2 protein chains.
Amino acid sequence: MVVDQLSESEVDRLFHALADRTRRSIVLRAISEEHSVSALAAHYAMSFAAVQKHVSVLEQASLVTKEKRGREQIVRANRDAVRKARHLLDEYELIWRQRIDRITEILAEDE
Amino acid sequence: MVVDQLSESEVDRLFHALADRTRRSIVLRAISEEHSVSALAAHYAMSFAAVQKHVSVLEQASLVTKEKRGREQIVRANRDAVRKARHLLDEYELIWRQRIDRITEILAEDE
DNA sequence: ATAATCTACAACCAAATGGTTGTAGATCAG
DNA sequence: CTGATCTACAACCATTTGGTTGTAGATTAT
């Protein structure tokens, strides 16, 4: 599985984008359905510009895409980015299993 | 599955901790085997104090635990925290599937 | 044509982040 | 005992972050 191939900086951006509750909330909304930026902004107790910045952070992390439609900018979540983040965490689990295997092996040799 | 139950702040800390390549690297090392803080620090081109801070961030995110052994502080990765992070991302996938299902349903009604 | 809506973007600000150096307390080795 | 090692923690600094307000350009509705 030659998936991923994310640079360290991209991973930085990806997790950093997810490390804010407003942004996670935006991603969830964008997963469920399309929204314009101002439609999203309506849900939060902060300025439109602040939400705009959050969307921009998500966009640079590839978690979201924007597409102009008339005067609106439609925000869509990018399923692949979330998958990649998940896959990264899967690798951690893998390392763990390798460690367990290694230890098990050593214990077996002691028999 | 009544897993998770992480507060938003805990999720913030978790992803924020993962959003730094040095910290991710530390976690990977700690998964593979136990290290003292200074043993970890030896691998990075930054001061001991800087690494100490990174470990502290990881600790507050529950990604790592420290245990005093003599004059050393042994760092161990916490498998459960990584699992929780993964599980969070799984939920995003779930929302996506729900959306697909919803759309499929609507399309079926149109038949 | 005018007004309302949606967006972009700059300038600003306080707080957090990621690094540094320096000092001091425990613990271990010779 | 003395010196080396490991850690804790404070103080400091530059940059980034997450928010604000304000201005201006497009697009849409009346």
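Everything quoted here is computed from the prediction, not taken from an experiment. Every chain is numbered from 1, with letters handed out A, B, ... down the list of sequences.
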Chemist: Using a strict cut-off of less than 4.0 Å between a Lys/Arg side-chain nitrogen and an Asp/Glu carboxylate oxygen, indicate whether A/E33 and B/R102 qualify as a salt bridge.
Modeler: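 Not counted as a salt bridge, because no side-chain N and carboxylate O are separated by less than 4.0 Å.
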Chemist: Do A/H16 and B/F15 come within less than 4.5 Å of each other through their side chains, counting heavy atoms only?
Modeler: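 No, too far: nothing below the 4.5 Å cut-off.
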Chemist: Take atom CZ of B/F15 and atom C1' of D/dG18, then tell me their distance rounded to the nearest Å.
Modeler: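 For the pair B/F15 CZ and D/dG18 C1', the rounded distance is 19 Å.
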Chemist: Any side-chain heavy atom of A/R69 within less than 4.5 Å of one from A/E34?
Modeler: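 A/R69 vs A/E34: side chains touch.
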Chemist: So, are A/E10 and A/K84 salt-bridged, with charged N and O less than 4.0 Å apart?
Modeler: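 Here A/E10 does not pair with A/K84 in a salt bridge, since their nearest N and O are not under 4.0 Å apart.
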Chemist: For B/I74 and D/dT7, what is the distance between atoms CD1 and C1' respectively, to the nearest whole Å?
Modeler: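 Going from B/I74 (CD1) to D/dT7 (C1'), I get 12 Å.
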Chemist: Are A/L18 and A/R23 side-chain neighbours, meaning at least one heavy-atom pair lies under 4.5 Å?
Modeler: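 No, too far: nothing below the 4.5 Å cut-off.
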Chemist: Check for a donor-acceptor pair, side chain of A/S56 on one end and backbone N or O of A/Q52 on the other, with a separation under 3.5 Å.
Modeler: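 A pair under 3.5 Å: no.
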Chemist: Distance-only, no hydrogens or angles: does the B/S25 side chain make a donor-acceptor pair with backbone N or O of B/R21 under 3.5 Å?
Modeler: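 Such a contact is absent between B/S25 side chain and B/R21 backbone.
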Chemist: Let's see if you get this right: which residues in residues 33-40 of chain A place a heavy atom under 4.0 Å from DNA chain D?
Modeler: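 Result for residues 33-40 of chain A: none.
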Chemist: Please give me every residue in residues 16-24 of chain B whose heavy atoms get under 4.0 Å of an atom in DNA chain D, ordered by residue number.
Modeler: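 Those residues: none at all.
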Chemist: Is A/K66 paired with A/E59 through a side-chain N to carboxylate O contact shorter than 4.0 Å?
Modeler: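 Yes, A/E59 and A/K66 are salt-bridged.
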Chemist: Could you write nucleotides 21-30 of chain D as a row of B, S and -, 5' to 3', where a protein heavy atom under 4.0 Å of any base atom gives B, of only sugar-phosphate atoms gives S, and otherwise -?
Modeler: B-----BB--
Chemist: Rounding to a whole Å, what distance do you find between B/Q52:CD and C/dT17:P?
Modeler: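 My rounded result for the distance is 17 Å.
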Chemist: In this structure, how many angstroms lie between the P atom of C/dC9 and the CD atom of A/E59, rounded?
Modeler: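 The answer, rounded to whole Å, is 11 Å.
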Chemist: Does B/Q73 or B/K53 map to a spot on DNA chain D nearer the 5' end, using the closest nucleotide for each?
Modeler: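 The residue mapped nearer the 5' terminus is B/Q73.
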Chemist: Strictly below 4.0 Å: does A/K66 bring a side-chain N or O up to OP1 or OP2 of C/dT7?
Modeler: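 Answer no for this pair, as no side-chain N or O of A/K66 is under 4.0 Å from OP1 or OP2.
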Chemist: Is any side-chain heavy atom of B/L63 closer than 4.5 Å to a side-chain heavy atom of B/N78?
Modeler: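 Of all side-chain heavy-atom pairs linking B/N78 with B/L63, none is under 4.5 Å.
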Chemist: Salt-bridged, B/R76 to B/E67, with N to O below 4.0 Å?
Modeler: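 The answer is yes: the pair qualifies as a salt bridge.
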Chemist: Check whether any side-chain N or O of B/R13 sits under 3.5 Å from a backbone N or O of B/S62 as a donor-acceptor pair, and report yes or no.
Modeler: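 It does not hold such a pair.
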Chemist: Would you mind reading off the distance between A/R13 atom CZ and D/dT17 atom P, rounded to a whole angstrom?
Modeler: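 Those two atoms, CZ and P, are 11 Å apart.
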Chemist: Separation of B/D12 atom CG from C/dA15 atom P, in whole Å?
Modeler: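 Rounded to whole Å, this separation is 19 Å.
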Chemist: How long is the line joining NE2 of B/H54 and C1' of C/dG19, in whole Å?
Modeler: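 About 8 Å, once rounded to whole Å.
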